[in-house]
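Worksheet: the structure to be examined is printed underneath.
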Amino acid sequence: MNHRILDRVATPTEHAALAASVGWQGHFDDEVRAASLRASLAGVVCVDEDGAAIGMARAVGDGLQYAYVQDVIVAPEYAGEGVATELVERLLELLKPTGDVELFVGLFASPEAVGVYESLGFTSEDALGMHQRLSAGA
């Protein structure tokens, strides 16, 4: 497969198309998608030989002590080809702090992706990932 990793956040159109390709369109709010992407700490996009986005990953957080890998999405036809690994590897390079600072990088992994993240050095270290969804009406 001929592809390139670009150091940039996915566009709203790319993000929406990739999310739809894996059935995640219901996970995102179209009204805030562009602003959410702009607020990313860093991003990477994998494009094919025609320049079409086939994968993406981004990081969110304060960028000083904490960062979270978010929205690692690879189009299904490229699954199993190492694209997700390449994306996360490059994203981690972009996040690497300078000096004596240590950056905590976290993520939530689907069961299918655990092996990818473990191969990149992520571990649960007896931690339990938890989350809560807040809305104005709740």
Side-chain angles (χ1 to χ4, degrees):
M1 176 181 68
N2 187 17
H3 66 276
R4 297 179 289 141
I5 304 288
L6 306 177
D7 294 346
R8 66 171 177 81
V9 176
T11 67
T13 301
E14 290 169 334
H15 186 274
L18 286 167
S21 78
V22 296
W24 290 2
Q25 58 270 47
H27 295 277
F28 302 100
D29 183 334
D30 287 334
E31 292 185 28
V32 299
R33 185 188 313 264
S36 177
L37 290 168
R38 277 193 307 274
S40 300
L41 293 176
V44 288
V45 177
C46 184
V47 296
D48 66 13
E49 58 275 354
D50 297 323
I54 61 169
M56 64 151 295
R58 67 184 183 118
V60 299
D62 64 21
L64 301 170
Q65 291 186 348
Y66 302 99
Y68 292 86
V69 175
Q70 191 70 36
D71 302 345
V72 178
I73 310 171
V74 176
E77 58 268 30
Y78 297 96
E81 295 186 21
V83 174
T85 301
E86 288 183 58
L87 287 165
V88 176
E89 281 177 330
R90 180 60 187 151
L91 186 62
L92 294 174
E93 288 174 22
L94 295 175
L95 293 173
K96 193 167 227 163
T98 59
D100 292 335
V101 177
E102 183 176 85
L103 183 69
F104 173 91
V105 181
L107 57 81
F108 285 99
S110 64
E112 309 83 42
V114 168
V116 169
Y117 298 119
E118 287 177 340
S119 76
L120 295 168
F122 285 88
T123 179
S124 64
E125 293 184 19
D126 298 323
L128 175 64
M130 300 176 77
H131 69 279
Q132 179 182 151
R133 296 179 187 265
L134 298 176
S135 64

task: State, without any angle test, whether E125 and T123 hold a side-chain donor-acceptor pair at a distance under 3.5 Å.
output: no

- prompt: Does a side-chain heavy-atom distance below 4.5 Å link L64 with V101?
  reply: no

query: What do the steps show when you test I54 against H3 for side-chain contact (heavy atoms from CB on, under 4.5 Å), and what is the final call?
result: CA-CA 9 Å; I54 61 169; H3 66 276; 4.2 Å; yes

- request: Scan for salt bridge (charged side-chain N to carboxylate O under 4.0 Å, His left out) pairs involving residues 63-84, sequence neighbours excluded, and state none if there are none.
  value: R58-D71

task: Give a yes or no on whether L94 and L107 share a hydrophobic cluster (residues Ile, Leu, Val, Met, Phe, Trp, Tyr; joining criterion: side-chain heavy atoms under 4.5 Å apart).
output: yes

Same apolar cluster (I L V M F W Y, side chains within < 4.5 Å links), V114/F122: no

query: To the nearest 0.5 Å, how far apart are CD1 in I5 and CD in E93?
result: 10.5 Å

task: State which residues pass side-chain hydrogen bond (donor to acceptor under 3.5 Å, both in side chains) with E49; sequence neighbours excluded, sorted by chain then number.
output: none

- prompt: For Y78, what residues pass the ring-ring contact (aromatic ring centres under 6.0 Å, His included) criterion, not counting sequence neighbours?
  reply: none

- prompt: For F108, does the CZ atom sit with more than 12 other heavy atoms under 6.0 Å from it, leaving out its own atoms?
  reply: yes

F104 and Q65: CA distance, side-chain angles, deciding distance, side-chain contact (heavy atoms from CB on, under 4.5 Å) verdict: CA-CA 6 Å; F104 173 91; Q65 291 186 348; over 6 Å; no

query: According to the interplanar angle, ranging from 0 to 90°, do the rings of W24 and H27 count as parallel (below 30°), tilted (30 to 60°) or perpendicular (above 60°)?
result: perpendicular

- request: For S21 and P76, work out which heavy atoms get closest and say how close.
  value: O-CG, 3.2 Å

statement: Tested for side chain to side chain contact (heavy atoms under 4.5 Å, CB included) against V69, the lone hit among V105, L87, L120 is V105

- line: When rounded to the nearest 0.5 Å, the distance separating CG of L41 from CD of Q70 is 11.0 Å

- prompt: Between D50 and A52, is there a donor-acceptor pair closer than 3.5 Å when you use the side chain of the first and the backbone of the second?
  reply: no

message: Are V72 and V47 connected into the same hydrophobic cluster when the rule is that any two of I, L, V, M, F, W, Y join if their side-chain heavy atoms are below 4.5 Å apart?
response: no

statement: Residues pairing under salt bridge (charged side-chain N to carboxylate O under 4.0 Å, His left out) where one sits in residues 19-33, two or more places apart or in two chains, turn out to be D30-R33

query: Is there a side-chain contact (heavy atoms from CB on, under 4.5 Å) between V60 and Y68 once you walk through the steps?
result: CA-CA 5 Å; V60 299; Y68 292 86; 4.0 Å; yes

- prompt: According to a 4.5 Å side-chain heavy-atom criterion applied to Ile, Leu, Val, Met, Phe, Trp and Tyr, with indirect links allowed, do V88 and V83 form part of one hydrophobic cluster?
  reply: yes

task: Find the distance between CE (M56) and SG (C46) and round it off to the nearest 0.5 Å.
output: 12.0 Å

message: Using every non-hydrogen atom in the two residues, find where L91 and A57 come nearest and quote the distance to one decimal.
response: CD2-CB, 4.1 Å

task: Please go through V9's hydrophobic cluster and name the other residues, only I, L, V, M, F, W, Y counting, with side-chain heavy atoms under 4.5 Å joining them.
output: L37

message: Listing request: all salt bridge (charged side-chain N to carboxylate O under 4.0 Å, His left out) pairs with a residue in residues 4-15, at least two apart in sequence or in separate chains.
response: D7-R90, R8-E14

